[in-house]
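Structure first, then comments.
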Amino acid sequence: MPRPRSGGRRALRLNTEILAAHTAESFAVAVARASALLRAGDVVALPTETVYGLAANACDEQAVARLFSAKCRPADNPLIVHVASVAIASRCVATWPRAAQRLARAFWPGPLTLVLPKARTIPDIVTGGGATVGVRCPRHPLIRSVILKCGFPLAAPSANRSTALSPSLAEHVRSSLGGRIPLIVDGGPAQVGIESTVVDLTVQPPRVLRAGMIHRDALMAVLGSSGGEIRGDQTEGGEPVTRAPRRSPGQLARHYAPRTPLAVLEWDDDADLRRQVRRLGWARRTVQILAHTNIPGRAGWGGVSLIPCHPDGCAQALYAELHRCDQQGGAGIVIEAVPKDPQWEGIADRLRRASAPRPAQRRISRDRSAGLQPS
Ligand code: AMP
Ligand code: MG
């Protein structure tokens, strides 16, 4: 299979076109332009309801190699294949079990990815060399129309450079991939706001590989007793348990992260928050606070912003808030911890990974906490 070009440097800096899609006319023009580029084997950033995706023809190895290269994504990190119907999904997989049928009926189109044994039509490059493929039927009308017009499924990871914050606005895509891709379609703010829930149906009981807004209890309600106790992606020693093929565990633990250090804290009152931030060694006047319940006074902070205290609203706002704080470039961002409730598990997962120490820091803090264990 063609290897993604290393470093992701494209010889030519492209003139990235940005097309709006908010009227019937502009929508039709955007679908036509995106489909033409995809048919020609190029990559295009498209809105989905989770986050913006960088799409390529999932059946075209060269196009997928171009996608890995534009994102600087490691070759062993599998891509989710986006389809417009169960009929297209079942052509991407070797088996379509009853559990897949039930989940698809309940949650598609929507933010749920099903991992199943892959069909031969899906090249190895899409699955990171693995024997399984993740399939999802998105809800956003733009990407749905593009898939139908193209007549092939689209591999579409988030439209950002690898490991960085995902884009929930077209502007986020432009600032990360502008000059590296020919087209971004602006379909407005992502409605769900965080990446899909990923469920592995190749194991019994099924396992959540990545938490999302469709939580474990909702999956179990649909699968009933046949699903058994669906296992979560519990972290063991800080590393999320995952069955993704040949993934580097260090890379998994830290993901979806802003460049600015992020701390997830709970505080009793303003004085307690100040104390905790002092302990982090951050210059208070440059620190951004994102709070949903215990809102501190503004004085003395770089900024204090409210985020919704409902999981749907919080997920919708999360990445845009983190992008905004990141642009301020202060010493750090503090976000108020979210409730330990199934409806919040997708958001809690992103916060855990976004605030995980970088690999070097992780070694130091582990040494400190575990009495200098070898790492
Ligand atoms: P991203 O495209 O960055 O949103 O990430 C997609 C995620 O879905 C990967 O990081 C994996 O955790 C998961 N995934 C996708 N395809 C597979 C697969 N075939 N097997 C296991 N996990 C997968
Ligand atoms: Mg991503």
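All values below come from the heavy atoms of this structure, side chains included, with hydrogens, waters and symmetry mates left out. In listed order, ligands and their atoms are each counted from 1.
- Close approach to V198 involves these atoms of ligand 1, each under 4.0 Å from a residue heavy atom: 8 (O).
- If you number the atoms of ligand 1 from 1 as listed, the ones under 4.0 Å from a heavy atom of G134 come out as 16 (N), 19 (N).
- Close approach of ligand 1 to L209 (heavy-atom distance below 4.0 Å) involves ligand atoms 21 (C), 22 (N).
- When non-hydrogen atoms are compared, ligand 1 lies under 4.0 Å from the side chain of I80 (C-beta onward) but not from its backbone.
- In terms of polar-atom proximity, defined here as any N/O pair under 3.5 Å, T127 makes no such contact with ligand 1.
- Judged by distance alone, the side chain of T121 and the main-chain N or O of R91 form a donor-acceptor pair under 3.5 Å.
- In summary, an N, O or S atom of S158 is located under 2.8 Å from the Mg ion (ligand 2).
- Note that CG of N294 and CD1 of I289 are 11.5 Å apart. Values are rounded to the nearest 0.5 Å.
- At least one heavy atom of R73 sits less than 4.0 Å from an atom of ligand 1.
- The V115 neighbourhood of ligand 1 comprises atoms 20 (N), with distances under 4.0 Å to a heavy atom of that residue.
- Remark: ligand 1 atoms within the under-4.0 Å shell around heavy atoms of R210 are 1 (P), 4 (O), 5 (O), 6 (C), 7 (C).
- Close N/O approach between S158 and ligand 1 is not found [any backbone or side-chain N/O within under 3.5 Å].
- Ligand 1 places these atoms under 4.0 Å from at least one heavy atom of V133: 19 (N).
- Atoms of ligand 1 lying under 4.0 Å from any heavy atom of N77, numbered from 1 in the order shown and given with element: 9 (C), 10 (O).
- Taken together through direct or relayed side-chain contacts under 4.5 Å among Ile, Leu, Val, Met, Phe, Trp and Tyr, V264 and L290 form part of one hydrophobic cluster.
- Judged by distance alone, the side chain of H292 and the main-chain N or O of A337 form a donor-acceptor pair under 3.5 Å.
- Comment: E195 engages R350 in a salt bridge, judged by a side-chain N to carboxylate O separation of less than 4.0 angstrom.
- Of all the atoms in ligand 1, the ones that sit under 4.0 Å from a non-hydrogen atom of P157 are 2 (O).
- Ion pairing between R144 and E49 fails under the 4.0 Å rule for side-chain N and carboxylate O.
- Side-chain polar atoms of S196 and T113 form a donor-acceptor pair below 3.5 angstrom.
- At a cut-off of 3.5 Å, with distance as the only test, a side-chain donor of Q101 or W96 sits close to an acceptor on the other residue.
- Residues T197 and R216 have side chains that never bring a donor and an acceptor to within less than 3.5 angstrom of each other.
- Residue contacts with ligand 1: E195 is placed with no nitrogen or oxygen under 3.5 Å of a nitrogen or oxygen of the ligand (distance criterion only).
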